[in-house]
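A short worksheet on the structure shown next.
Every heavy atom of this structure was used, including side-chain atoms; hydrogens, water molecules and symmetry mates were not. In listed order, ligands and their atoms are each counted from 1.
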Amino acid sequence: MYKLTEIAMSIEALNHKFGIGSRLTFEEDENGLTLVKISNNAAKAVVSLYGAHVLSYQPTNEKEVLWLSRASKFEVGTPIRGGIPLCFPWFGPHPEDASKPAHGFARLAEWSVCSTSNNNEGETTLELELTSNSKTKELWPYDFYARLTVTVGEKLKVDLSFKNTGDKAFTTSDALHSYFNISTLSSISIDGLANHTYYDGFEKEPTHKQEAPLLTISKEENRRYINHSGKCTIADQEWNRSIGVEKLGSNVTVVWNPWQETTKTIGDIEDADYINFICVEAANAYNDSVTLQPSESHQISTIIAIE
Ligand code: TA6
């Protein structure tokens, strides 16, 4: 188990210092995780301080936008399945040491609150931070400061920024691994990926190119599109809605669904539930990995809205 950072403040102290009336409150869930509940005129959202993990985003009068597995464990040491896991400071397996946690340790760490606010547009913003420490250095020997900014309104904006606070350069890969709630896989198509080249799964070279204007999912997919910085739109016929997924600071887009057989090997997704989500992820990886010299920063963002 990786206990990377301690819970810094009690629920009472968090509400006292950072609560904003009924718009933003802190609660402990039944598993002992600290949740931030945000509710304003435009939307509701839930964020876990464990992992700085957005668990839910629901615009007013809309269905839930993010998918959260009903089989997810909500325990320290295990990543939460669904919502928006943060992959940092590496995406996928560690490049040299497979014993290190997949997708890095950001999703396994307790993050601290640094600010909360409302703006004139009625949006509510939560800022969380994570600083390197002796435990993170056992896994990755660099000094960094990371900040996650979640803004909840008619759109959900999630920005992950990280700075090299040490004296040696480092290279990272990362992702905002968003799981989207859909009626069923056969009802969706994804626009925005045509003519882009992709790695299929873990292949060494990106040998595939998407010719079809729309991507439909009828088997396991694990596509990593390179040189892609544009918008994707997930059209869901049955629910008569589209989810727009825009991004900044990312040139790799990942589309993942494990389909039937692989889902059976994943302990925290019920066998039948793979049809209810699709991952469309903003990433920095491959030719878009990020190298930061001392004092340099990078930001990757995803902007999600029902259209
Ligand atoms: O983004 C796709 C992917 O990297 C897949 O290869 C699959 O493993 C998925 O993420 C989930 O990873 P996780 O470590 O959360 O089980």
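Contact between L185 and Y274 at its shortest, heavy atoms only, is CD1-O, 3.6 Å. A pairwise comparison of heavy atoms in H53 and I80 identifies CE1-O, 3.3 Å as the closest pair.
In this structure, R81 is not positioned above the aromatic face of F277 in the sense of NZ or CZ being under 6.0 Å from the six-membered ring centre and within 45° of the axis. In this structure, K44 forms no cation-pi arrangement with Y57, as its terminal cationic atom is not both closer than 6.0 Å to the ring centre and no more than 45° off the ring axis.
Put simply, the side chain of S289 gets close to the backbone of Y286: a donor and an acceptor are under 3.5 Å apart.
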Using a 3.5 Å cut-off and no angle test, enumerate the donor-acceptor pairs between side-chain atoms of residues 11-18 and protein atoms at least two apart in sequence or in another chain.
from : atom 1 : to  : atom 2 : distance (Å)
N15  : OD1    : F26 : N      : 2.8
N15  : ND2    : I11 : O      : 3.4
N15  : ND2    : F26 : O      : 3.0

Filter the ligand 1-protein atom pairs down to N or O on both sides and distance under 3.5 Å, then list them.
from     : atom 1 : to   : atom 2 : distance (Å)
ligand 1 : 1 (O)  : H177 : NE2    : 3.0
ligand 1 : 1 (O)  : E281 : OE1    : 2.9
ligand 1 : 1 (O)  : E281 : OE2    : 2.9
ligand 1 : 4 (O)  : H103 : NE2    : 3.4
ligand 1 : 4 (O)  : R224 : NH2    : 3.4
ligand 1 : 6 (O)  : N222 : ND2    : 3.0
ligand 1 : 6 (O)  : R224 : NH2    : 3.3
ligand 1 : 10 (O) : H103 : NE2    : 3.1
ligand 1 : 10 (O) : H177 : NE2    : 2.9
ligand 1 : 12 (O) : H103 : NE2    : 3.3
ligand 1 : 14 (O) : R107 : NH2    : 2.9
ligand 1 : 15 (O) : R81  : NH1    : 3.2
ligand 1 : 15 (O) : R107 : NH1    : 2.9
ligand 1 : 16 (O) : R81  : NH1    : 3.2
ligand 1 : 16 (O) : R81  : NH2    : 3.0

